[in-house]
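Beneath this line is the structure, given in structure tokens, with notes to follow.
Note that the structure is a prediction, hence the values are computed from the model and not measured.
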Amino acid sequence: MPSRKSQKPARSHRSTLSLQKTEIIINVYDLLPPGRVSSTLWFLGTSLLHSGVVINGKEYSFGGHDRRGITGVYWTKPKTEPPGGTFRCEILHGFTLASQAEIDTIIRDASEEFLGTAYNLLTKNCNHFTSFLCQKLTGRPGPSWLNRAANIGVALPCVVPRDWIEAPDFETADGELLSEDDHADERSRMLRGSEEQPRLVGQAGQRGGSEMEWDSEEERRRGGNGKGKGKAPAKDSAGRTLPAAERAPSS
């Protein structure tokens, strides 16, 4: 009889742990326009990639901006493609047994570690954030191949792909300009519903007026810093112009 009583709490404890298990998923996006070049680089594992970590229905990622002391970590609806990006794959990285409160603390700590002004296309980008957050949640960093292009850029600066420094301007990887219809499709994709709009971690319900200061959606996509016409595009910590996909939202 005593042995039976001691077994019941053990089974209950294991059941409780299983209920707390949370999937940690990585979504991967290709930042090169669809075409022969992007397909070849993807096959070789050297494409220019953006990634986000999906936890309980929110996808967390990291981007740059020019506002001191403000995080660059934001969340959006899973599989929301960044400007110019194409969804490539979903990876079940692992699980965490952390409670929701513990997960929130980990994300908050990560948001303090990854400030928008610290963003660097080669040494502290969205894929570094993905690896960092996965390490904290599962004990394993994200896949190293996510940042292979950036690692090549660090080791061999002379061969850094131009598209990391200057985002493609309505051009496909095959060198063909997009049509006016494609322009419209791109703009409409950027004008998402409120549930898909990226939001900085810790800034929910505090969307500022900076979005109203854009002269057009076209200007916003091309990389102004949210202060209106004539302002310089957002830069990373090394002074490189940030591709649209690597800019954090304004609030």
Review point. Between Asn147 and Asn125, does any side-chain donor sit less than 3.5 Å from a side-chain acceptor?
Key: yes
Point to revise | Parallel, tilted or perpendicular, as decided by the 30° and 60° cut-offs, for the rings of Phe87 and Tyr29 | key: perpendicular
Exercise for review: Indicate, with yes or no, if Tyr60 and Ile106 share a hydrophobic cluster defined by side-chain heavy-atom contacts under 4.5 Å among Ile, Leu, Val, Met, Phe, Trp and Tyr.
Suggested key: yes
Check your understanding: Atom CD1 in Ile70, atom CG in Leu115: separation rounded to 0.5 Å?
Key -> 8.5 Å
Review point. Within a strict 4.5 Å, meaning less than it, do heavy atoms of the Trp75 and Arg199 side chains meet?
Key: yes
Practice item. State, yes or no, whether a side-chain contact exists between Val73 and Leu200 at a heavy-atom distance under 4.5 Å. Key: no
Exercise for review: Could you tell me whether a side-chain N or O of Ser47 sits under 3.5 Å from a main-chain N or O of Leu49, the two making a donor and an acceptor?
Suggested key: no
Exercise for review: Please report the shortest heavy-atom distance between Ser237 and Ala118, naming the atom on each side.
Suggested key: OG-O, 3.9 Å
Check your understanding: Within a strict 4.5 Å, meaning less than it, do heavy atoms of the Ser61 and Tyr74 side chains meet?
Key -> yes
**Study point:** From Arg148 atom CZ to Leu48 atom CG, the distance as rounded to the nearest 0.5 Å
**Key:** 13.0 Å
Point to revise | Full working for side-chain contact (heavy atoms from CB on, under 4.5 Å) between Ser99 and Glu102 | key: CA-CA 5 Å; Ser99 66; Glu102 292 169 330; 3.3 Å; yes
Check your understanding: Do any N or O atoms from the side chain of Thr138 and from the backbone of Gly94 form a donor-acceptor pair under 3.5 angstrom?
Key -> no
**Study point:** Side-chain donor-acceptor pair present, Thr86, Asp30, cut-off under 3.5 Å
**Key:** no
Revision key, fill the gap. Heavy-atom nearest pair, Ala248 first then Gly72, reads CB-O, 3.9 Å
Review point. Which distance, rounded to the nearest 0.5 Å, do you find between the CG of Asn56 and the CG of Asp104?
Key: 8.5 Å
Exercise for review: For residues Ala110 and Leu133, report the shortest heavy-atom separation together with the two atoms involved.
Suggested key: CB-CD1, 4.4 Å
Point to revise | Side-chain heavy atoms of Lys79 within contact of Glu90, under 4.5 Å | key: yes
Review point. Is there side-chain contact between Arg67 and Thr117, with heavy atoms separated by less than 4.5 Å?
Key: no
Check your understanding: Going by heavy atoms in the side chains, are Glu246 and His50 under 4.5 Å from each other?
Key -> yes
Study note, to complete from the structure: Of all heavy-atom pairs linking Leu122 and His128, the shortest is O-CE1, 3.4 Å
Practice item. Output yes when a side-chain donor or acceptor of Thr80 lies under 3.5 Å from a complementary backbone atom of Thr76, and no otherwise. Key: no
Point to revise | Val53 vs Cys134 side-chain heavy atoms within contact, under 4.5 Å | key: yes
Point to revise | Donor-acceptor under 3.5 Å (Arg247 side chain, Leu242 main chain) | key: yes
Check your understanding: Less than 4.5 Å apart, any side-chain heavy atom of Glu23 and any of Ile55?
Key -> no
Practice item. If the plane angle is over 60° it's perpendicular, under 30° parallel, otherwise tilted; pick one for Phe62 and Tyr119. Key: tilted
Exercise for review: Please report the shortest heavy-atom distance between Val54 and Asn27, naming the atom on each side.
Suggested key: CG2-ND2, 3.4 Å
Check your understanding: Roughly how far, to the nearest 0.5 Å, is the NE2 atom of His93 from the OG atom of Ser51?
Key -> 11.0 Å
Exercise for review: Could you state whether Ile103 and Phe114 fall into the same hydrophobic cluster, counting links through intermediate Ile, Leu, Val, Met, Phe, Trp or Tyr residues with side-chain heavy atoms under 4.5 angstrom apart?
Suggested key: yes
Point to revise | Heavy-atom donor-acceptor pair, Thr71 side chain to Ser111 backbone, under 3.5 Å | key: yes
Practice item. State, to 0.1 Å, how close Ala245 and Pro83 come at their nearest heavy-atom pair, and which atoms those are. Key: CB-O, 3.5 Å
Review point. Is Lys124 positioned over the aromatic face of Phe129, cation under 6.0 angstrom from the ring centre and no more than 45 degrees off axis?
Key: no
